[in-house]
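Worksheet: one structure, shown below.
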2 protein chains.
Amino acid sequence: MEMNQFRNIADTLRRAGIPVTFQRLEIGRVLLSEPVHLSADQVLARVRETTPETSRATVYNTLKVFKEKKLIRELIVDPERVFYDSSTHPHYHIYDVTTGMLCDLPEDDLKVVGQPVLPPGMELEEVDVIVRVRSKAA
Amino acid sequence: MEMNQFRNIADTLRRAGIPVTFQRLEIGRVLLSEPVHLSADQVLARVRETTPETSRATVYNTLKVFKEKKLIRELIVDPERVFYDSSTHPHYHIYDVTTGMLCDLPEDDLKVVGQPVLPPGMELEEVDVIVRVRSKAA
DNA sequence: TTCCATGCAAAGGGTTTGCACTCTC
DNA sequence: GAGAGTGCAAACCCTTTGCATGGAA
């Protein structure tokens with residue numbers, strides 16, 4: 001968690017061609033140290049636990065940069081807020097619409113079979129699969 | 001399109017247990033006459049073509065009612081706006097992130113295989129599959 | 001010095017809410 | 001006349017933008 005981890009994150013940023021700054025390291029620490037699914041606001045809150053002067057705009061800027069460099073993945077799952085996923089390899093999600101909890105789906109639970117026929121001039125960006133669940137009425 | 005269509009929509013509303021009103025018929029005409037994918041604002045615009053005094057709030061209220069009664073399906077595809085789909089049977093979507101165009105995916109293009117293991121006390125609401133595409137860079 | 005990153009506050013845009021009016025049963 | 005549906009405008013919330021400050025090359 002200490003020096004080594006910061007060095008790792010700094011390396012990750014450099015490899016991605018992102019100039020290293022203090023705030024980016026902090027945001028990277030929150031998002032890139034372990035698999036998480038966080039909204040921008042949750043990222044801000046976690047960063048501010050250790051660096052309270054961090055601005056909301058910087059978090060949004062940095063999330064955008066991380067996303068463009070494919071360090072994180074944007075998940076459109078809830079109309080209220082965007083989530084960011086520190087796992088960028090292809091995988092699917094399960095979303096609890098009652099609590100807002102978002103998790104990875106175990107690899108072998110579901111599989112998508114087939115190739116969509118894309119209109120000419122279009123290229124595939126990604127395939128999102130979201131399993132929506134809710135608590136059973138008592 | 002004329003009387004018959006309005007009667008059909010009125011019947012659909014009644015069967016769903018939704019009291020029939022003039023605005024609901026108009027919104028139903030826009031959403032329930034043919035397969036469409038529209039945002040709330042697009043629905044409002046189409047309704048206002050024939051009934052200009054319709055309010056935004058009524059459209060949002062009605063969309064919520066239609067969704068609860070499962071006459072339409074809500075599609076969370078774009079962080080900017082929610083889309084409403086007049087087809088409620090299980091099917092998947094293709095979304096052009098450059099233009100915002102949203103279409104149904106042909107039935108046999110993709111198939112989801114397997115059953116997700118749900119946490120106890122949870123029930124499946126639905127499985128969303130979104131194929132995101134973009135125009136190829138020239 | 002030039003450029004980019006940052007912080008702050010204000011603006012933006014889709015959606016929701018509060019409230020008064022209207023209509024229906 | 002009670003309850004629901006509607007219209008209008010203001011409020012809300014997440015996100016973006018404008019602008020001035022500060023730091024790195």
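Quick caveat, the model's predicted, so the values are computed rather than measured. Each chain gets a letter, A, B and so on, in the order its sequence line appears, and its residues count up from 1.
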Side chains of residues 106-113 of chain B: which donor-acceptor pairs under 3.5 Å do they make with residues two or more places apart or in other chains?
{"residue": "D109(B)", "atom": "OD2", "partner": "V117(A)", "partner atom": "N", "Å": "2.9"}

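A heavy atom lying under 4.0 Å from DNA chain D marks none of the residues of residues 35-51 of chain B.
Partners of E125(A) under the side chain to side chain donor-acceptor pair (under 3.5 Å) rule, at least two apart in sequence or in another chain, are R134(B). Residues satisfying the salt bridge (charged side-chain N to carboxylate O under 4.0 Å, His left out) test with R132(A), not counting sequence neighbours, are D128(B). Evaluation of the salt bridge (charged side-chain N to carboxylate O under 4.0 Å, His left out) rule for E80(A) yields no partner, not counting sequence neighbours. Partners of R56(B) according to the salt bridge (charged side-chain N to carboxylate O under 4.0 Å, His left out) rule, which considers only residues two or more places apart in sequence or in another chain, are D41(B). Every residue two or more places apart in sequence or in another chain that forms a salt bridge (charged side-chain N to carboxylate O under 4.0 Å, His left out) with K67(B) is listed here: E74(B). Annotation: ring-ring contact (aromatic ring centres under 6.0 Å, His included) contacts of H93(B) (sequence neighbours excluded): H37(B), H91(B).
Where DNA chain C meets chain A (any atom under 4.0 Å from a heavy atom), the bounding nucleotides read 5' to 3' are dA5(C) to dC8(C).
Applying the 4.5 Å side-chain rule to ILVMFWY residues, one finds that Y60(B) remains a lone member of its cluster. In the hydrophobic clustering, where aliphatic and aromatic side chains (Ile, Leu, Val, Met, Phe, Trp, Tyr) are joined below 4.5 Å either directly or transitively, F22(B) stands alone.
No donor-acceptor contact under 3.5 angstrom links the side chains of R73(A) and S86(A), judged on distance only. In the model, T51(B) has no side-chain atom that pairs as donor or acceptor with a side-chain atom of T54(B) under 3.5 Å.
The separation between D78(A) atom CG and dC13(D) atom C1' is 12 Å, rounded to whole Å. Remark: C1' of dT15(D) and CD1 of I76(A) are 12 Å apart, rounded to the nearest angstrom. In this entry the distance linking CD of E53(A) with C1' of dT21(D) reads 15 Å, nearest Å. What separates CZ of R81(A) from P of dT15(D) is a distance of 8 Å, to the nearest Å.
Note on P79(B): nothing from the nucleic acid sits closer than 4.0 angstrom, heavy atoms only.
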Give each protein N/O atom lying under 3.5 Å from an N/O atom of nucleotides 16-19 of chain D, with the pair distance.
none

